[in-house]
Asks: 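Here it is, the structure in full.
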Amino acid sequence: MAQITENTRNEVKEVVYDFFADECEVDVSEISDQTNIIKDLDGDSLMFLELIEVFKKKYSLEIELKTIGKYAVKNPVQTIGELIDMQMLIIEHEDRILELA
Amino acid sequence: MSDSTTVFVFPAFVRDYHEDKSFLAKGFSDYFYQQLTLASEIVDSDLSFFHPENQTFLDHELRTQYLAFIYGCSISNILQQRGILPNYLCGYSMGIYAALVQGGAISFENGLLLIRNAFQEISYTTMTGRFGMAGIVGLKKDDIKNILKSLPDVEIVNQNSIYSFVLSGNQQDLERAIELAREEGAFHARMLNVTVPYHSHLLKSPALQFAKFVYTLDIHSLKIPLVSVLNQETLHTREDIKTELVENLYKHFNWHATQEKMLSLGMTRFIECGPGKSLKKNAKFIEGTYQFLSMDEALK
């Protein structure tokens with residue numbers, strides 16, 4: 001289980017913002033926590049999958065993708081801010097995240 | 001760019017052209033509309049009504065195939081005019097027809113006739129029920145196999161990456177497979193906008209009828225080799241091509257294995273010869289040191 005520090009949220013936020021700016025070819029200044037991933041950025045499931053893989057490697061997370069998928073079905077994510085919140089829970093709880101759902 | 005070994009990759013069904021910037025590229029639009037006019041005279045006069053800004057043919061399976069073919073042939077022509085030449089070719093599913101034109105195995109006209117004839121033969125089968133295809137992202141192959149144990153008439157017909165699969169079968173069973181996949185934790189599971197169960201055993205009979213047409217055509221050896229998505233072999237000969245054309249309708253393919261094979265053969269630059277970036281996006285899940293360029297990037 002990854003160590004959560006005060007800095008973790010900032011790290012996660014930076015990765016998420018940079019990732020969508022790069023993937024969706026928009027300036028990072030155009031992204032906020034309220035940005036809708038699908039409507040505003042034309043995001044898709046492959047981007048979501050890729051981002052999860054980035055975090056799995058960065059924080060050496062022990063969690064199966066389908067566990068995240070099951071959590072996401074019950075707790076759907078629409079905005080960048082919600083995605084950051086979910087990512088923080090994944091880092092904190094890894095494969096026990098479903099116990100929160 | 002000249003140090004790379006380049007593959008032109010031709011996608012199968014493309015439905016959305018409205019954000020495609022190729023039409024702004026010098027020479028592309030003129031050549032595309034010239035080919036479109038020719039195609040409308042050969043196979044379907046309504047094709048001449050196509051415009052990238054409208055979505056006229058969004059739900060017309062045959063016309064979307066024609067257009068992807070015309071686009072692929074046109075874009076590869078423009079790339080070559082700019083000195084970007086392929087060392088290998090690869091057709092994703094029904095993208096094979098444009099790849100074969102590019103490789104000099106068939107003419108543009110015969111490519112159109114192959115698409116039409118295959119679709120006609122398939123239509124006799126699809127009239128007998130409701131069929132389709134589905135895409136599932138976020139599960140592993142074993143998870144999907146477990147789901148399909150209770151749905152024996154649905155097949156995994158393509159693996160795009162370790163977490164992305166395409167299924168074919170009858171519509172009702174596919175819809176059930178989608179429900180089960182979502183319950184299992186798939187990020188994305190939905191029906192594709194086609195009514196044909198491509199690459200499934202259901203098309204074996206029409207494929208054999210299609211073979212009769214294939215063997216009447218003037219088909220040449222490839223000047224540029226084609227990598228098979230069915231068995232990942234490198235094809236050159238007329239006989240290889242005829243077999244591939246027929247089997248491509250009813251045999252499973254494996255895009256993931258095909259791209260890995262191409263990387264192992266030393267190919268380092270892939271150019272997606274279609275509008276959009278679906279194959280480029282998928283490539284992010286395939287390890288290796290290579291470039292995968294969308295049309296916008298290749299034409300810059």
Side-chain angles (χ1 to χ4, degrees), chain A residues 15-16 18-26 36-58 61-80 82-83 85-87 89-90 93-101, chain B residues 11 15-16 18-21 134-147 158-166 177-192 255-256 259 272 275-287 292-297 300:
Chain A
V15 170
V16 169
D18 287 346
F19 175 85
F20 280 102
D22 184 47
E23 284 290 320
C24 304
E25 296 173 4
V26 297
N36 187 296
I37 297 167
I38 294 173
K39 287 180 188 165
D40 299 332
L41 296 175
D42 201 21
D44 59 32
S45 56
L46 286 180
M47 286 182 199
F48 189 61
L49 195 62
E50 191 183 350
L51 187 60
I52 296 285
E53 289 293 302
V54 168
F55 282 114
K56 278 181 76 176
K57 282 182 189 160
K58 184 174 173 65
L61 300 177
E62 295 287 335
I63 183 167
E64 282 203 77
L65 278 175
K66 66 179 181 180
T67 304
I68 299 171
K70 282 178 184 171
Y71 180 82
V73 166
K74 292 181 182 170
N75 303 273
V77 160
Q78 294 189 339
T79 66
I80 292 287
E82 289 168 352
L83 180 61
D85 290 342
M86 189 176 83
Q87 193 54 56
L89 291 173
I90 292 169
H93 299 281
E94 298 188 39
D95 59 356
R96 292 193 293 119
I97 193 170
L98 284 179
E99 294 170 16
L100 308 174
Chain B
R15 296 177 186 278
D16 193 352
H18 76 281
E19 286 188 0
D20 183 63
K21 297 183 181 110
I136 294 178
V137 174
L139 297 182
K140 289 184 175 172
K141 192 169 193 174
D142 283 346
D143 296 322
I144 299 176
K145 279 183 175 175
N146 281 336
I147 287 170
N158 174 35
Q159 177 171 355
N160 279 321
S161 70
I162 57 169
Y163 292 114
S164 174
F165 297 87
V166 181
I178 287 169
E179 279 178 25
L180 293 172
R182 286 177 180 152
E183 285 171 17
E184 189 60 20
F187 287 167
H188 180 86
R190 68 172 177 90
M191 293 296 292
L192 304 182
W255 180 249
H256 184 212
Q259 198 177 332
E272 184 167 354
K277 300 177 181 175
S278 58
L279 297 176
K280 176 184 165 72
K281 283 181 184 175
N282 182 72
K284 292 183 177 177
F285 299 94
I286 300 173
E287 301 271 340
F292 206 115
L293 302 176
S294 66
M295 223 52 281
D296 292 348
E297 292 161 335
K300 268 181 187 166

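Just so we're on the same page: letters track the sequence lines, and every chain starts at 1.
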Asks: Heavy atoms only, distances under 4.5 angstrom: which of A/Asp44, A/Leu65, A/Thr67 has the most pairs with chain B? Name it, please.
Replies: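 The option with the most such pairs is A/Leu65.
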
Asks: Would you name the heavy atoms of A/Leu46 and B/Phe285 that are closest together and state the gap between them?
Replies: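 Heavy atoms only, the tightest pair is O-CZ, 3.2 Å.
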
Asks: Which atom pair, heavy atoms only, marks the closest approach of A/Lys66 to B/Asp143?
Replies: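 Minimum heavy-atom contact is NZ-OD1, 2.9 Å.
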
Asks: Tell me, do B/Tyr163 and A/Glu53 make a side-chain contact under 4.5 Å, heavy atoms counted?
Replies: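 B/Tyr163 vs A/Glu53: side chains touch.
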
Asks: May I ask you to check whether over 12 heavy atoms, not counting those of B/Glu183, lie within 6.0 Å of atom CD?
Replies: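 Counting neighbours around CD of B/Glu183, more than 12 heavy atoms of other residues, nucleotides or ligands fall under 6.0 Å, so yes.
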
Asks: To the nearest 0.5 Å, what is the distance between CD on A/Glu50 and NZ on B/Lys281?
Replies: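 With rounding to 0.5 Å, CD (A/Glu50) is 10.5 Å from NZ (B/Lys281).
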
Asks: Minimum heavy-atom separation for B/Glu184 and A/Lys70, please, with both atom names.
Replies: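 The pair with the smallest heavy-atom distance is O-CE, 3.2 Å.
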
